[in-house]
Amino acid sequence: MTLISPAATGHSPAAAPAGGSRSVVLRTLLRNKLAVLALAVLAVLLVAALFAPLVAPYDPNAQNLLLRLRPPAWQDGGSGAHLLGTDQLGRDMLSRVIYGARVSLLVGAGAALLAGVIGTVVGLASGYFGGWADRVLMRLADVQLAFPALLLALAIVGFLGSGLWYVILVLGFTGWVSYARVVRSEVMSLRTRDFITEARAIGVTDITIMRRHLLPNVMAPLATIGTLHVAAAIVAEASLSYLGLGVPKETVTWGAMLSDGQLYLGTSWWVAVFPGIALMLTSVAINITGDALRDVADPKAYRR
């Protein structure tokens, strides 16, 4: 009987069964009720962010000092016209929370995507080629790890200036190390496997081996790291905005709302609490989703 190697067929050994794989993935995901709830929360946030002009009842920057610091609708003095109350300038809190989701999700997804691309390329090259390439790339990673990520982001943003795309670039370039180290570890354990050796023997190029045989086998840990990094980037952007070094002040962000509301915690708690709750719910939902995606993407999940 002739054995056909995964390298010859173009399939990695970790590939999920072709027949019925979608139904297996769906059943695995639906068994996790907490993950379903987290996905529902993220879906609501995503829809609200995409359709903010249609969903938000007011312009988030529209001021009315006659309505400043009005409490939520369920408290004495509140009004159904402003369900979550108003801030110190009379701006509608619900509208500002909805528009703030736009910036947070964009920064989180953009920073995670940029960091993931950089880290995956570095990790694949470092783990596959080894030698001097591995030593140089990992020493660069060690140098970056020597600096606290948030302090490094503060220094770069302070030098470049504030701006949405600057924040995404900074958080992306300061977050690639975790991707690179995990991918490197996985690749180093895979590069001596038979299907890699056979691929080299039949003349498959290094780029093709990394793209078709190694990359699919590191997608499970990448899914987990990516979702965790989205949550971390959202919190980091909120921290930068809280310190006044994030996106411009005219752009609504949860971090800037927290910064504005800290002076009113004793008298008008809703100004800071509602953006804080939105930030917390988003981070928790993304982390839970990341754990669920890891279970689904892990080939061992198909055998449970």
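Model, not experiment: these values are computed from the prediction. For reference, positions follow the sequence shown, starting with 1.
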TODO: Please confirm whether the backbone N or O of Leu265 pairs with a side-chain atom of Trp270, one donor and one acceptor, at under 3.5 Å?
DONE: no
Open item on the list: One thing to verify: whether Arg68 and Asp87 come together as a salt bridge, which I'm taking to mean a side-chain N less than 4.0 angstrom from a carboxylate O.
Closed with: no
Open item on the list: Looking at Thr86 and Leu67, would you say the former's side chain and the latter's main chain have a donor-acceptor pair under 3.5 Å?
Closed with: yes
TODO: Look at the side chain of Arg102 and the backbone N and O of Ala49, then say whether any donor-acceptor pair between them is shorter than 3.5 Å.
DONE: yes
Task: Ser185 (side chain) donor-acceptor with Arg181 (main chain) under 3.5 angstrom - done: no
Open item on the list: Rounded to the nearest 0.5 Å, what separates atom CD1 in Ile234 from atom OG in Ser239?
Closed with: 12.0 Å
TODO: Measure the spacing between OG of Ser241 and CE of Met257 and express it to the nearest 0.5 Å.
DONE: 11.5 Å
- [ ] Check for a donor-acceptor pair, side chain of Thr289 on one end and backbone N or O of Ala285 on the other, with a separation under 3.5 Å.
- [x] yes
Task: Note, Tyr242 side chain near Trp254 side chain (heavy atom, < 4.5 Å) - done: no
Task: Atom pair CG/CG of Asp92 and Asn61 - distance to nearest 0.5 Å - done: 11.5 Å
- [ ] State, with a plain yes or no, whether a side-chain heavy atom of Glu186 is found less than 4.5 Å away from one of Asn217.
- [x] no
Task: Main-chain N/O of Phe173 paired to Gln144 side chain as donor or acceptor, under 3.5 Å - done: yes
Open item on the list: Please check: side-chain N/O of Thr253 versus main-chain N/O of Ala256, any donor-acceptor pairing under 3.5 Å?
Closed with: yes
Open item on the list: Less than 4.0 angstrom from a charged side-chain N to a carboxylate O is my criterion; do Asp206 and Arg191 meet it?
Closed with: no
TODO: Verify, without hydrogens or angle tests, whether Ser259 (side chain) and Gly255 (backbone) share a donor-acceptor contact under 3.5 angstrom.
DONE: no
TODO: Check whether Leu281 and Val44 end up in the same hydrophobic cluster, where Ile, Leu, Val, Met, Phe, Trp and Tyr are linked by side-chain heavy atoms less than 4.5 Å apart.
DONE: no
Open item on the list: Checking the side chain of Ser95 only, and the main-chain atoms of Pro60 only, is there a donor and an acceptor separated by less than 3.5 Å?
Closed with: no
Task: Under 3.5 Å donor-acceptor, Thr208 side chain and Val204 backbone - done: no
TODO: Determine the interplanar angle of the His82 and Tyr58 rings, folded into 0 to 90°, and report it as parallel if under 30°, tilted if 30 to 60°, perpendicular if over 60°.
DONE: parallel
